[in-house]
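This report refers to the structure that appears directly beneath it.
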Amino acid sequence: MQAQSIYIDHPSALHQLNPLTKLTFTLVFLVAAFALPNAVALIATFVLILVPLAASGGLLLPLLRSAFWLVLPFAISLALIQGFFSPGQTALFSLGPFTMTLEGLGSGLTFAARLLLALGGTLLLMLSTRPDKLMLALRQRGLPESLSYIVLTALQIFPRFQERARTILDAQKSRGLETEVGLLRRLALLVPLIAPLVLGSIVEVEERAMALEARAFSYKTIKTSWISLEDSRAQSILRAAILFFGVVLVYLRLTGFWPQ
Amino acid sequence: MNSLKKEFSTFTLVLIPVAIAINIAVGQLVLNLKLPLYLDSIGTVLVGVLIGPWAGAATGFLANVVWTFSGLFPQAMAWAGVAAIIGALAGVFGRAGLMKSVGMVVVAGLITGVVAAVLSAPIAAYVFGGVTGSGTDAVVAVFRAAGLDALGANLAQGGVSEPFDKIATFLIVWAVMLGLPERLKARFAAE
């Protein structure tokens, strides 16, 4: 069974990179998202670095589409809330007692740009890396096997649980459960919906634990993996270089090199 | 360290992914029922109460890793620390015997909710610019209009919604535990 994720398979150099290299890219995009001083620098990083990287992996459209729908609700909230309620001098227009200011709107949109770069950097990793390969790479660097087992198993089974939740909802509805009722009644509804889901799955847990034990799950030895990862000297130099760049960004931010 | 090892038996390692899947499935169900709650930590609280604080913390943290990976909610990673503390608190309250009467369950939910609100507010304020990109932003706007700054408004919003959410979560977990087969209850008592 495949882990459920937004990974898109594509024959590209980006996909071939060691997952650690891509994780390093993402970490530095996250650092840059909060270290860069203004919207121009943020958008420039997104357009000049992130977009070409995604395009090289054939992931430009999925990345832009996902990033757009993720950032849009934030951008709307930020523009309205910061625009009206952040301090500013230049009034744009008034709505009742509140005035939208240019400075407020600007700070809201700068924050939206930070989220765009941060979420875009995260999406790049998720779209181009199979979760099991990322977990294997981390395991080779000392991540406990149990943690990687938990993450990968959860990714495999959660769609089945969503399915089961829908089945239970339908079953209870067919027994006459009213879901179009007042708020308090709907809250009370949750128990007959959640209890079968949770109880049914906990009973299964014991069986699965025994099945795993029968396959030497907790036996302490080095287990080989079905999948193999490529790594190279060039990639480890690249990782070090990107990390150094990230440290420089943080240094510049902390020393106030950039005007606020 | 010993209690850490003891909590992570094979049974626990199999239970945690199931708990994470429950978090996701119930979270989506609640969205479909249009309830003003999240209820996305039922599995986390369940593991904390049944197994212990370490297992609860691991469930909360990894649940957010899984939310991020699944592509359903990539920003979840930012809240992983808060989720871990919610799971740890559930474990502590379970050990302290707070899951025995309705009154105590409500108190445990209330405390967890207040802690979650206090820890979440700085993340919303400084990482996300004071918004969450969801319907609760209307509440944030009301508090900003009343003169609070970004941190204050997010603290107030969390203070309004988190305790209700966590009390409901703890009550549901308590109701579910009442329905556990005796055989399994005995097993958890032994862990």
Side-chain angles (χ1 to χ4, degrees), chain A residues 3-6 34 66 70 73-74 77-78 80-82 84-85 98 107-108 111-112 114-115 119 122-123 126 131 146-147 149-151 153-155 157-158 160-162 164-166 169 179 183 186-187 189-191 193-195 197-199 201-206 208-209 212-213 217-218, chain B residues 8-11 13-22 24-26 28-30 32-37 39 42-43 46 50 58-59 62-63 65-66 68-71 74-75 77 127-134 137 140-141 144-145 149-150 153 168 172-173 175-176 179-181 184 187:
Chain A
Q4 178 81 22
S5 74
I6 52 172
F34 294 95
S66 299
L70 279 170
F74 281 104
S77 285
L78 281 165
L80 290 175
I81 290 182
Q82 301 274 45
F84 279 116
F85 304 121
F98 306 115
S107 85
F111 238 107
R114 292 191 193 288
L115 295 179
L119 288 168
T122 310
L123 285 169
M126 302 300 159
S146 51
L147 294 189
Y149 167 81
I150 291 170
V151 170
T153 308
L155 282 169
I157 64 176
F158 87 82
R160 212 150 45 86
F161 275 67
Q162 288 180 308
R164 202 182 286 178
R166 270 192 295 273
L169 183 62
T179 55
L183 193 60
R186 258 184 295 157
L187 274 176
L189 280 180
L190 285 171
V191 175
L193 292 178
I194 296 171
L197 180 76
V198 177
L199 291 176
S201 41
I202 289 185
V203 172
E204 272 177 29
V205 167
E206 206 168 29
R208 186 134 16 109
L212 281 172
E213 274 310 319
F217 180 71
S218 56
Chain B
F8 289 89
S9 63
T10 303
F11 184 85
L13 291 181
V14 177
L15 180 64
I16 292 176
V18 168
I20 293 173
I22 290 171
I24 297 177
V26 176
Q28 298 286 106
L29 189 72
V30 167
N32 289 341
L33 288 173
K34 299 185 191 65
L35 286 164
L37 294 170
L39 293 187
I42 286 186
L46 190 75
L50 288 178
T59 309
L62 295 174
V65 174
V66 171
T68 298
F69 266 116
S70 69
Q75 61 267 43
M77 208 51 226
V127 180
F128 294 99
V131 303
T132 56
S134 70
D137 284 345
V140 174
R144 290 297 291 268
D149 62 359
I172 289 170
V173 168
V176 165
L180 274 183
L184 275 175
R187 157 151 210 142

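Lettering of chains follows the sequences in order, A, B, ..., and the numbering in each one begins at 1. Quick note: numbers below take in every heavy atom, side chains included, and nothing from hydrogens, waters or symmetry partners.
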Under 4.5 Å heavy-atom distance to chain A, tell me which part of [X] shows up: side chain, backbone, both or neither.
| X | answer |
| --- | --- |
| B:Ile172 | side chain |
| B:Leu180 | both |
| B:Val65 | side chain |
| B:Gln28 | side chain |
| B:Val30 | side chain |
| B:Thr59 | neither |
| B:Leu15 | both |
| B:Ala145 | both |

Below 4.5 Å from any heavy atom of chain B, which atoms of [X] appear? Answer side chain, backbone, both or neither.
| X | result |
| --- | --- |
| A:Leu169 | side chain |
| A:Leu80 | neither |
| A:Thr153 | both |
| A:Leu212 | side chain |

Looking only at heavy atoms, what is the nearest atom pair of [X] and [Y], with distance?
| X | Y | result |
| --- | --- | --- |
| A:Leu119 | B:Pro74 | CD2-CB, 4.1 Å |
| A:Val191 | B:Ala175 | CG1-CB, 4.4 Å |
| B:Gly129 | A:Gln82 | O-NE2, 3.4 Å |
| A:Tyr149 | B:Leu13 | CE2-O, 3.3 Å |
| B:Pro17 | A:Ala154 | CB-N, 3.7 Å |
| B:Phe11 | A:Ala209 | CA-CB, 4.0 Å |

I'd like to verify something: which residue of [options] has the highest number of heavy-atom pairs under 4.5 Å with chain A?
| options | answer |
| --- | --- |
| B:Val26, B:Val18, B:Ile24 | B:Val18 |
| B:Ala141, B:Ala153, B:Gly71 | B:Ala141 |
| B:Thr10, B:Val176, B:Ile20, B:Asp137 | B:Thr10 |

For chain B, which candidate among A:Leu123, A:Thr122, A:Val151 shows the most heavy-atom pairs at distances under 4.5 Å?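 Option with the top pair count is A:Val151.
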
Specify which of A:Val203, A:Leu147, A:Leu193, A:Ile194 makes the most heavy-atom pairs with chain B at under 4.5 Å.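 Of the candidates given, the most pairs with chain B belong to A:Ile194.
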
Start with the C-alpha distance between B:Thr68 and A:Met126, add both sets of side-chain angles, then the distance that settles side-chain contact (heavy atoms from CB on, under 4.5 Å), and finish with yes or no. CA-CA 8 Å; B:Thr68 298; A:Met126 302 300 159; 3.7 Å; yes

So that I know where these two stand, are A:Phe111 and B:Phe128 an aromatic pair - ring centroids less than 6.0 Å apart?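 Ring-ring flag for A:Phe111/B:Phe128: false, centres at least 6.0 Å apart.
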
I'd like to check [X] versus [Y] (side-chain heavy atoms, cut-off strictly below 4.5 Å). Are they in contact?
| X | Y | value |
| --- | --- | --- |
| B:Gln75 | A:Leu70 | yes |
| A:Ser146 | B:Phe8 | no |
| A:Phe217 | B:Val14 | no |
| B:Asp149 | A:Phe85 | no |
| B:Leu46 | A:Ile202 | yes |

Any chance you could measure B:Ile22, atom CD1, to A:Phe158, atom CZ, to the nearest 0.5 Å?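 Reported to 0.5 Å precision, the distance equals 14.5 Å.
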
Run the side-chain contact (heavy atoms from CB on, under 4.5 Å) check on A:Ile6 and B:Phe69 step by step: do they pass? CA-CA 7 Å; A:Ile6 52 172; B:Phe69 266 116; over 6 Å; no

